[in-house]
Amino acid sequence: MGFDAIEVITVKRDRGELSTAQIDWVIGAYTRGEVADEQMSALLMAILLNGMNRREIADWTQAMIRSGERMDWSSLDRPTADKHSTGGVGDKITLPLAPLVAACGAYVPQLSGRGLGHTGGTLDKLESIPGWRASLSNDEMLAVIRSAGAVVCAAGAGLAPADKKLYALRDVTGTVESIPLIASSIMSKKIAEGTGSLVLDVKAGSGAFMKNVDDARELARTMVELGTDAGVRTVALLTAMDRPLGLKVGNALEVEEAVEVLAGGGPADVVELTVRLAREMLEAAAVPGAGDPEEALKDGSAMDAWRRMIVAQGGDPDAPLPTAAESAVVVAPASGTLRTLDALKVGVAAWRLGAGRARKEDPVSAGAGIVLHAKPGETVRAGAPLMTLYADEAARFDRALQALEGAYEIGEDGLDLLPLVIDRLTA
Ligand code: URA
């Protein structure tokens with residue numbers, strides 16, 4: 001059934017409810033180029049201002065899924081589980097998590113993205129491993145998952161093409177920050193990816209998309225409802241992004257930290273969140289006789305799965321990772337307790353050092369980034385190193401240091417930090 005774009009726009013402008021048929025039509029017609037960008041921009045702004053109810057959001061998501069292909073893993077003999085993080089600074093959890101969950105008995109098909117702005121993308125991180133390839137055909141994906149238990153690769157152009165077009169339009173029309181639009185964008189891709197179960201890591205704090213816990217909770221609730229309505233067993237954890245995760249921020253640096261975790265070491269917060277998410281994924285996927293994630297980190301089986309996964313995608317897990325040519329040390333200006341370390345400021349500094357990109361087509365530096373020598377709650381001494389900055393060109397340090405102004409506070413005891421895991425939401 002055909003509609004008129006103006007009719008659909010005015011329903012939402014006047015705070016009305018869009019019908020299933022109207023949503024199907026407008027998403028399909030926009031993807032085919034029959035609804036103009038300026039008309040879709042007006043509709044997106046009306047949605048941002050006036051919202052959508054649960055039925056409208058589910059219809060919007062399903063229409064985006066129908067715009068492309070839906071992956072099918074039914075030929076696999078074990079349950080599939082995936083995780084999606086809304087993104088943060090130092091969030092390299094996918095890297096140890098995917099092989100860890102594979103080692104414990106689930107298949108992990110994970111289609112990931114590249115970073116834009118101050119949060120890094122999983123593919124950018126993995127591409128710092130010499131030879132590793134992000135783009136795989138569907139047959140190659142199946143082959144990798146069969147041999148390694150997990151595959152982390154780029155989503156092909158055929159998956160939710162409506163979302164690709166809509167996201168690009170939202171990016172330039174001030175309509176990214178709408179919970180119904182963010183939730184449907186993320187979930188259309190995750191549902192189309194075909195996973196049987198999904199654990200969402202929804203971050204809250206300065207370095208996250210959602211700066212406050214209430215907004216993060218609302219986004220998490222909306223995504224859990226969408227997954228559940230689509231028949232995907234979905235759980236969400238709300239987690240802290242007021243400070244960076246782990247001690248290393250940057251592409252190769254984060255791979256290095258992920259490998260430390262897979263070798264049974266690594267920073268406590270990264271290990272805790274990796275193990276917690278692994279348990280949630282194994283439970284959501286209902287893996288019969290699932291292994292214990294803590295054990296799999298200790299006995300080397302998660303590391304074995306990582307090596308298989310990297311090799312299967314052309315990478316050399318033993319090759320030295322790229323390093324940056326230049327470094328600069330930031331020292332503590334006073335002695336005391338490191339009370340805060342702002343995730344956003346650290347993320348922007350790493351981005352300015354070359355770890356992130358400003359436009360989609362920009363390259364990223366593999367070696368650039370920041371290594372933290374202290375985390376909030378730890379004692380620091382005046383003059384001792386607080387963090388080391390890495391870049392390919394020394395000229396980048398000034399702007400990175402400017403981003404770090406006011407990024408930390410050293411004082412007496414009295415921390416005001418979010419708990420690492422703030423809440424858990426289920427349907
Ligand atoms: N990530 C997405 O995939 N979509 C959004 O709208 C926001 C973050």
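As the structure lists them, so they are numbered: ligands from 1, and atoms in each ligand from 1. All residue numbers refer to positions in the sequence shown, counting from 1.
Ion pairing between Asp423 and Arg217 holds under the 4.0 Å rule for side-chain N and carboxylate O. The existence of a salt bridge linking Lys83 and Glu280 is excluded, since no basic side-chain nitrogen approaches an acidic carboxylate oxygen closer than 4.0 Å.
Judged purely by distance below 3.5 Å, without hydrogens or angles, the side chains of Lys190 and Thr195 never pair a donor atom with an acceptor atom. For the residue pair Ser137 / Asp139, no side-chain donor-acceptor distance below 3.5 Å is found, with atom types taken as modelled. Defined by atom type and a distance below 3.5 Å, a donor-acceptor pair is present between the side-chain atoms of Ser75 and Arg146. A side-chain donor from one of Ser365 and Asp392 sits under 3.5 Å from a side-chain acceptor of the other.
Protein residues lining ligand 1, listed by chain and number: Tyr167, Arg170, Ile182, Ser185, Ile186, Lys189, Phe209 [non-hydrogen atoms, distance under 4.0 Å].
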